[in-house]
Amino acid sequence: MRPMVRSLYFLSIATLAVQPASARAESPESQAMDAQTVLALKSLQLLDQRMHATGYRLVSANAEFCKETVPHLGVLLHDIEQYGDQATARFAFGFTSPIAINAVAPDSPAAIAELAAGDGLKAIDGIAVQDITVDTEKLAKEKPEYRRIAAVKATLMEAGADGQAELVVQRGGINQMVTLAPVETCPSQFQIRVSSKRDASADGKMVSISSTLAEYVLDDDELAAIAAHELAHNLLKHRERLNAQKVNRGFFGQFGKSAGRIKAAEIEADRLSVWLMANAGYDPQAAIRFWTRYGKQHGKGIFSASTHYRWKKRVRLFEEEIAKMQEVGSVAGKYVPPLLTTSVP
């Protein structure tokens with residue numbers, strides 16, 4: 001992506017973080033803001049689609065090494081309710097129903113069935129979307145505007161558990177039934193989080209990468225390097241392990257045993273990430289390229305805290321792990337990740 005285009009891309013997304021979801025007067029200024037919001041939403045969708053494709057590729061390619069797997073259709077949904085300016089979102093995304101497809105991962109069951117972004121979701125296994133129960137108590141931790149989509153996603157996953165899912169989708173005003181056979185993947189979801197900060201996180205189930213960090217990467221291999229590191233945290237159950245060790249994640253987590261335990265988890269995630277990348281067909285050298293560039297430009301900050309290796313040491317770790325992977329060699333085109341095949345205390 002050219003520098004000027006990258007700048008416009010970031011600036012458009014940044015408006016989503018600062019623009020209030022209030023009614024607009026019919027004026028040239030408000031019309032210009034509407035146009036800017038449409039551009040921001042379309043730019044965010046491109047990031048969502050890129051992140052979804054990368055995540056799907058990582059979890060599907062490494063499924064045989066995961067102790068737990070989940071059915072995956074390769075489709076990413078979104079809900080009109082999650083957008084503050086619903087009229088603009090409806091125009092930008094072409095919503096034909098409240099729940100619609102936001103992205104389809106290449107080579108996934110949804111892609112094979114020729115589903116596409118913009119298709120409306122009307123029913124899952126005979127249950128109309130509007131009839132899906134939203135358990136507010138169970139979804140209490142979700143923001144109100146995200147509860148319905150969370151319930152629909154859960155229903156979609158349950159539908160695929162028996163080996164197939166029947167969906168009714170709407171395109172061009174016409175409803176059509178599609179039967180999909182999900183594939184088993186490693187258990188993790190991926191999302192872009194609109195933020196001006198360059199950061200990424202994993203909570204055990206979800207990998208989140210900020211829009212600013214996603215915009216900073218130069219190619220899909222670098223995006224995969226970040227996603228694979230966070231995915232590694234989830235697959236190794238680092239959050240559960242650190243919670244069991246009563247690790248302090250606040251200010252005092254930068255010191256003592258807590259810092260040491262967090263750093264050990266970060267090292268494991270770095271080590272596993274390059275294996276996950278290679279199995280998904282990404283260039284593991286991209287991790288070296290990304291951290292070398294990031295380290296030289298932004299040497300300080302969260303990625304240089306006491307809980308993480310400094311960038312030069314991280315690069316050496318990647319070099320050592322890639323050399324180890326190449327020495328072991330692949331079996332049927334896949335590299336068996338030691339950290340997923342051995343018991344980690």
Side-chain angles (χ1 to χ4, degrees), residues 54-55 58-59 62 65-69 186-191 193 195 197-210 213 222-280 282 284 286-288 290-291 294-295 298-325 335-345:
T54 301
L58 286 168
V59 295
N62 288 284
F65 307 115
C66 290
K67 295 179 181 179
E68 302 173 15
T69 60
C186 297
S188 204
Q189 300 179 57
F190 299 79
Q191 69 176 7
R193 184 181 65 255
S195 173
K197 297 180 180 179
R198 287 194 183 100
D199 60 15
S201 63
D203 66 4
K205 297 180 180 180
M206 179 73 73
V207 167
S208 300
I209 297 178
S210 73
L213 184 58
E222 289 192 358
L223 181 61
I226 301 169
H229 172 91
E230 300 302 335
L231 173 60
H233 280 308
N234 285 348
L235 299 184
L236 295 172
K237 300 186 181 300
H238 281 156
R239 178 169 286 270
E240 290 181 21
R241 287 167 49 193
L242 294 175
N243 285 344
Q245 295 170 340
K246 301 187 184 306
V247 165
N248 187 323
R249 291 189 175 83
F251 174 77
F252 292 104
Q254 303 294 311
F255 310 98
K257 290 183 178 180
S258 288
R261 287 168 176 167
I262 294 174
K263 179 179 282 188
E266 293 298 332
I267 292 171
E268 284 184 352
D270 276 347
R271 288 175 56 199
L272 177 56
S273 67
V274 292
W275 297 76
L276 299 177
M277 291 177 68
N279 286 339
Y282 291 108
I288 294 174
F290 173 83
W291 286 111
Y294 190 95
H298 311 280
K300 301 296 181 182
I302 185 172
F303 296 120
S304 292
S306 60
T307 53
H308 294 69
Y309 272 161
R310 295 298 179 94
W311 72 268
K312 289 183 179 180
K313 201 165 185 179
R314 291 188 83 165
V315 166
R316 287 197 295 272
L317 183 151
F318 287 130
E319 291 172 339
E320 293 168 1
E321 202 66 22
I322 291 172
K324 182 191 303 182
M325 183 170 58
Y335 297 90
V336 183
L339 281 171
L340 291 183
T341 55
T342 57
S343 177
V344 179

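Throughout, numbering of the chain's residues begins at 1 and tracks the sequence.
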Within-4.5 Å side-chain heavy-atom neighbours: [X] and [Y]:
X	Y	result
Glu68	Lys237	yes
Tyr282	Leu223	no
Leu231	Phe190	yes
Leu340	Asn62	no
Leu276	Cys186	no
Val207	Ser201	no

Please report the interatomic distance [atom1]([X]) to [atom2]([Y]), rounded to the nearest 0.5 Å.
X	Y	atom1	atom2	result
Leu58	Leu235	CG	CG	9.5 Å
Leu339	Arg271	CG	CZ	4.5 Å
Leu213	Tyr294	CG	OH	6.5 Å
Trp275	Ile322	CH2	CD1	10.5 Å
Ile209	Ser195	CD1	OG	12.5 Å
Leu242	Arg261	CG	CZ	9.0 Å

For the residue pair [X] and [Y], what are the closest heavy atoms and their distance?
X	Y	result
Ala228	Ser273	CB-O, 3.6 Å
Pro337	Phe65	CD-CG, 3.6 Å
Leu272	Ala232	CD2-CB, 3.7 Å
Ala286	Glu222	CB-N, 3.9 Å
Ile226	Ala200	CG2-CB, 3.9 Å

Partners passing ring-ring contact (aromatic ring centres under 6.0 Å, His included) against His233 (at least two apart in sequence or in another chain): His229, His238
Those residues that, when tested against Lys324, pass salt bridge (Lys or Arg N to Asp or Glu O under 4.0 Å) (two or more places apart): Glu321
Sequence neighbours excluded, the answer for side-chain contact (heavy atoms from CB on, under 4.5 Å) partners of Gln191 is Met206, Ser208
Whether Ser210 side chain and Asp199 backbone form a donor-acceptor pair below 3.5 Å: yes
Asn243: which of Arg239, Lys246, Arg241, Glu240 passes side chain to side chain contact (heavy atoms under 4.5 Å, CB included): Arg239
